[in-house]
Number of protein chains: 2
Amino acid sequence: MAEELRTLVERLKAVSHPLRLRVLSLLELGELCNCQIAETLQVPASSVSEALRELRRAGFVAERKDGRWVFMSLVSRELASPFLKGLLEEAAAVPELQQDRARAQAVKALAIPVVCSKVQRDAPIAREASHV
Amino acid sequence: MAEELRTLVERLKAVSHPLRLRVLSLLELGELCNCQIAETLQVPASSVSEALRELRRAGFVAERKDGRWVFMSLVSRELASPFLKGLLEEAAAVPELQQDRARAQAVKALAIPVVCSKVQRDAPIAREASHV
DNA sequence: AGTATATATCGGAAATTATCGAAATATCAT
DNA sequence: ATGATATTTCGATAATTTCCGATATATACT
């Protein structure tokens, strides 16, 4: 398979996943660290880390390290590919993603160490169905 | 998972696949029947049929039956979602997809029964790697 | 140095998806 | 009706993906 076709498919796969799409949508609010996302979505920090890795590989997300924390943000709208722009436009209208962003706003209002220690402390998440 | 999030993910999955993306891209040329696509891409007709089913389920493709043939076409640009528009814009620039479309032009120049009987007659396809 | 904490990676079981030939269905042509 | 042909569905296997706890790594704080 040609390199560029493969790359396009990989970028599409990166967002064809509920958790990764939820993470992408959260980053519309501006940069967030791993633990803020984990707390907002109530999923294990390792799952968030993996989701972010894929989104980075796909070129949708940039990272900025600051001490212990790694802040992730969407690539700028000018650099965003046409389909990413279209996707974000559609994501903005999805109710569950809107709810996620509302919860993230509340999480952002807290100090980061408070949020992170809370995540560490959390008991394993009960799963509603197979695959988040 | 919320219904609308699930639906968006399903639509993304539908195009996160080399064969389905190639089929979608071919339909930029206008409507094509199953066997024209199978001949153009040199893949089994049943694989094309399955790809088209997913693209239809995702709402990207419409069908028009005419006797034995089922012609598939892209939904109109006005009905196309922002994401689909962006994707088609990117697909237009991918070399392998451009080559596919060039081959499809040649196939379209032939009478359909000629193309279809050729597809039926074809020996099984040698696979270059796992997953097309 | 030693402890705490944030993130990343690993391992591997479970779920999902991909693939294509074979069989089924639907329509056309005689 | 019979046979031909276009498309779809089925069945089964192989490949991939998902998921999360455990472990590793990296930085901060004392």
Side-chain angles (χ1 to χ4, degrees), chain A residues 1 9-10 12-14 16-21 23 32-39 41-57 63-72 111-132, chain B residues 1 9-10 12-14 16-21 23 32-39 41-57 63-72 111-132:
Chain A
M1 183 164 48
V9 169
E10 291 309 314
L12 289 164
K13 277 189 190 170
S16 303
H17 181 285
L19 178 58
R20 294 195 294 263
L21 195 49
V23 170
L32 294 169
C33 73
N34 200 85
C35 67
Q36 290 176 310
I37 298 170
E39 170 63 17
L41 302 181
Q42 292 289 294
V43 296
S46 68
S47 297
V48 172
S49 178
E50 281 165 345
L52 285 166
R53 165 156 48 91
E54 294 306 308
L55 293 172
R56 245 183 289 127
R57 274 180 15 103
E63 75 175 34
R64 175 179 74 82
K65 290 199 175 180
D66 181 5
R68 263 173 295 188
W69 292 280
V70 179
F71 289 94
M72 300 293 194
I112 287 184
V114 174
V115 173
C116 288
S117 52
K118 184 172 189 313
V119 169
Q120 299 293 0
R121 194 160 69 241
D122 272 353
I125 312 299
R127 290 169 63 184
E128 140 192 337
S130 63
H131 292 62
V132 174
Chain B
M1 184 164 44
V9 169
E10 292 309 313
L12 290 165
K13 278 189 189 170
S16 303
H17 181 287
L19 178 58
R20 294 196 293 264
L21 195 50
V23 170
L32 292 168
C33 73
N34 200 85
C35 66
Q36 290 177 309
I37 298 170
E39 170 61 19
L41 301 182
Q42 292 288 294
V43 297
S46 67
S47 297
V48 172
S49 178
E50 283 164 344
L52 285 165
R53 164 157 48 89
E54 294 307 308
L55 293 172
R56 246 182 289 125
R57 274 179 15 103
E63 77 174 35
R64 175 180 74 82
K65 291 198 173 180
D66 181 4
R68 262 174 295 188
W69 291 280
V70 179
F71 289 94
M72 300 293 193
I112 287 183
V114 174
V115 174
C116 288
S117 51
K118 184 170 189 316
V119 170
Q120 298 293 358
R121 193 160 67 239
D122 273 352
I125 311 300
R127 290 170 62 188
E128 143 192 335
S130 63
H131 291 67
V132 173

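Sequence lines set the chain letters: A, B, ... in the order given, protein chains first and strands last, and positions in each chain run from 1.
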Legend entry - Rounded distance [0.5 Å steps], CG in B:Leu19 versus CD in B:Glu54: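 Between B:Leu19 CG and B:Glu54 CD, I get 11.0 Å after rounding to 0.5 Å.
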Legend entry - Rounded distance [0.5 Å steps], SG in A:Cys35 versus CD in A:Glu39: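 It comes to 8.5 Å.
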[N] [atom2] sits how many Å from [X] [atom1], rounded?
X	N	atom1	atom2	value
B:Met72	D:dA6	CE	P	15 Å
A:Glu63	C:dA6	CD	C1'	13 Å
A:Leu19	D:dT18	CG	P	10 Å
A:Arg57	C:dT9	CZ	P	11 Å
A:Arg64	C:dT7	CZ	P	12 Å
A:Ile112	D:dC29	CD1	P	13 Å
A:Leu32	C:dT7	CG	C1'	15 Å
B:Gln42	C:dT19	CD	P	16 Å

Distances under 3.5 Å between protein N/O atoms and the N/O atoms of nucleotides 10-12 of chain D, please, pair by pair.
| from | atom 1 | to | atom 2 | distance (Å) |
| --- | --- | --- | --- | --- |
| D:dC10 | N4 | B:Glu50 | OE2 | 2.9 |

Flag the pair [X] / [Y] as yes when at least one side-chain heavy-atom distance between them is below 4.5 Å, and no otherwise.
X	Y	answer
B:Arg56	B:Met72	yes
B:Leu41	B:Val48	no
B:Ile37	B:Leu52	yes

On the nucleotide [N], are OP1 or OP2 found under 4.0 Å from the side-chain N or O atoms that [X] carries?
X	N	value
A:Lys13	D:dT17	yes
B:Arg56	D:dT8	yes
A:Ser49	C:dA8	yes
B:Arg20	C:dA18	yes

Legend entry - Sulfur-sulfur distance A:Cys116/A:Cys33 under 2.5 Å: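 The answer is no, since A:Cys33 and A:Cys116 keep their SG atoms 2.5 Å or more apart.
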Inset, instruction - Can you see which heavy atom on A:Val9 is nearest to which on B:His17, and at what distance? - result: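 Shortest heavy-atom separation between A:Val9 and B:His17 comes out as CG1-N, 3.9 Å.
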Legend entry - A:Val115 versus A:Gln36, closest heavy-atom pair with distance: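 Nearest heavy atoms, A:Val115 then A:Gln36: CG1-CA, 4.0 Å.
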Inset, instruction - Using heavy atoms to find the nearest nucleotide of DNA chain D for A:Ser16 and B:Leu52 separately, return the residue whose nucleotide is more 5′. - result: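 Nearer the 5' end of the strand: B:Leu52.
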Inset, instruction - Check the surroundings of atom CZ in A:Arg57: do more than 12 heavy atoms from other residues, nucleotides or ligands lie under 6.0 Å from it? - result: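 Open: at most 12 neighbouring heavy atoms sit under 6.0 Å from CZ of A:Arg57.
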Legend entry - Donor-acceptor under 3.5 Å (B:Arg20 side chain, B:Ala14 main chain):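 Side chain of B:Arg20 to backbone of B:Ala14, a donor-acceptor pair under 3.5 Å: yes, one is there.
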Legend entry - Residue closer to the 5' end of DNA chain C, A:Ser47 versus A:Trp69 (nearest nucleotide):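 This one resolves to A:Trp69.
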Inset, instruction - Could you check which of D:dT7, D:dC19, C:dT27 has an atom nearest any side-chain atom of B:Arg68? - result: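 Of D:dT7, D:dC19, C:dT27, C:dT27 is nearest to the side chain of B:Arg68.
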Inset, instruction - Can you pull out how bent the helix from C:dA1-D:dT30 to C:dT30-D:dA1 is, comparing the axes over its first five and last five pairs, to 10°? - result: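 Axis angle across the helix from C:dA1-D:dT30 to C:dT30-D:dA1, nearest 10°: 30°.
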